[in-house]
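Accompanying notes for the structure given below.
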Protein chains: 2
Amino acid sequence: MEARSDVLRQGEVPSVAHVLLHGHTCRYRLLSDGRRQITAVLLPGDMCDLEAVMRGRADYGVGALTTCILGEIPAERVADPTTLDPEMSRALWRRLLRDEAISREWLVRIGRRTALERVAHLLCELRVRVDAIGLAVAEEFDMQFTQVEFADILGMSTGHIDRVLQQLCRTGLIALSRGVITVLDMPTMEMVAGFDPSYLRAA
Amino acid sequence: MEARSDVLRQGEVPSVAHVLLHGHTCRYRLLSDGRRQITAVLLPGDMCDLEAVMRGRADYGVGALTTCILGEIPAERVADPTTLDPEMSRALWRRLLRDEAISREWLVRIGRRTALERVAHLLCELRVRVDAIGLAVAEEFDMQFTQVEFADILGMSTGHIDRVLQQLCRTGLIALSRGVITVLDMPTMEMVAGFDPSYLRAA
DNA sequence: CGTAAGGTTGAATTTGCTCAATCTCGGTGG
DNA sequence: CCACCGAGATTGAGCAAATTCAACCTTACG
């Protein structure tokens, strides 16, 4: 799947559920005038559109942030959770519950944190999640978000995103080089973000 | 249960799941410095803390917005969804999926809508939800939120909430009297909010 | 009455946005 | 090798939105 292409378009009736195997995707909602809010960032192992499949309609789109590899599960296999193998069912519940916890934290982040805290908090979350699936290389993690994507995740404008990243850079918390962000000082970053990772634990 | 009291405190290990039978409650997250974000408003029929029970820990609190009546379900009965009666299991899934859809919409609302749109959108959502459970009396609905609560739902300050409500009042879209908001012109309100109710449908 | 909780108001200030110009850097074709 | 192109990043000025804070008002209720 190509970077920047849609895995699922908002409003579609999905016929397969996608498991992300490699790369990054996001869920997003578009308003009629083009405003976009990214509501989730998916990493390898995550289900891209389980809720849409179960509800039989996508009220969000799923977009590929990078080139990625997706697994497909026929909708019938997961549409009715009561017909699933118990182990599978439990696994899906766990995922959904974790998604919900993350989504709740995103709401708090956008609603009640300052711009600086938001950016720092997002970086902390991604750091922990990337780490958890064994993809972090030292303190560096390869999140090739454009500033537009950052902005649409955090409910901010690109200009402001840029200024905040600069600020984090000047303070020595991160290093920037061509879109690759390296977190230099995770402890301070967590302090700045007011980050508590407990919402990310599996179950 | 008293208005303003906690049904579940953030961080607790819940031993029962609560079904709201009468009144309104909300889920909220507190930051260490006291900032609060309300992440959900619950109406009669809603489960207050199902996710917390299933995850075995509450990363959010549940507060009573009004005096309310709650049903209790022992945690063991719902903690493991695979041991449930299939009909019950399906029902819980549906609820969780709807909660998720609402939560996603809240994220979009806070992240990408203007203050005016936010207030209008919230009013539209509540109107539809109250309606769906048969509690709306004409165009009036009895949502006794304080402005603090409004602010904590929408990620704004109370001062600004007040000004926006005034504006809606001046435009003739709502009437205010003693905290009771009456929506006078729902169609225009939906227009102003950019409201699309499809995310609220049951399944 | 008196009190407390919540609502309202205004001024000063901060925060963040818009928009257009400029820059950077990795291609690409000559 | 080099000029050019396009996507994205960066910058600044001006502006709009929202916050803060303190003062004041209103209402419910004991």
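Order of the sequence lines fixes the chain letters, A, B, ..., with proteins taken first and strands second; residue numbering starts at 1 for each chain.
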Which nucleotide wins on minimum distance to the side chain of A:Ala115, given the candidates C:dG16, D:dA18, D:dG8? C:dG16
Cationic N near anionic O, under 4.0 Å, B:Glu117 to A:Arg35: yes
Nearest-angstrom distance from the residue atom CG of B:Asp162 to C1' of C:dG10: 12 Å
For A:Gln166 and D:dA9, is the shortest distance between a side-chain N/O and OP1 or OP2 below 4.0 Å? no
Would you say the side chain of A:Met189 lies within less than 4.5 Å of the side chain of A:Ile174, judging by non-hydrogen atoms? yes
Atom-pair distance (CZ on A:Phe150; P on D:dT10), nearest Å: 11 Å
Please say which of B:Asp99, B:Asp6, B:Asp59 ends up in a salt bridge (charged side-chain N to carboxylate O under 4.0 Å, His left out) with B:Arg27. B:Asp99
Students often get this wrong, so: under 4.0 angstrom with heavy atoms, is A:Arg4 touching a base, only sugar-phosphate, or nothing? sugar-phosphate
Roughly how many Å is it from CE in B:Met156 to P in D:dT20, rounded to a whole number? 12 Å
In this structure, how many angstroms lie between the C1' atom of D:dA16 and the CD atom of B:Glu117, rounded? 15 Å
Side chains of A:Phe150 and A:Asp162 in contact at under 4.5 Å (non-hydrogen atoms): no
Would you indicate, yes or no, if D:dA17 has its OP1 or OP2 atom less than 4.0 angstrom from a side-chain nitrogen or oxygen of B:Arg113? no
Quick one: A:Leu154 CG to C:dG16 C1', roughly how many Å, whole number? 13 Å
Out of C:dG7, C:dT18, D:dG8, minimum distance to the side chain of B:Thr146 belongs to C:dG7
Would you find more than 12 non-hydrogen atoms of other residues, nucleotides or ligands less than 6.0 Å from B:Arg4 atom CZ? yes
Separation of atom CZ in B:Arg170 from atom C1' in C:dT8, rounded to whole Å: 12 Å
If I take atom NE2 in residue B:His160 and atom C1' in nucleotide C:dG10, what distance separates them, rounded to the nearest angstrom? 15 Å
Mind calculating the distance between CD (B:Gln147) and C1' (D:dT27) to the nearest angstrom? 14 Å
Does any donor-acceptor pair link the side chain of A:Arg163 with the base of C:dT18 at a separation under 3.5 Å? yes
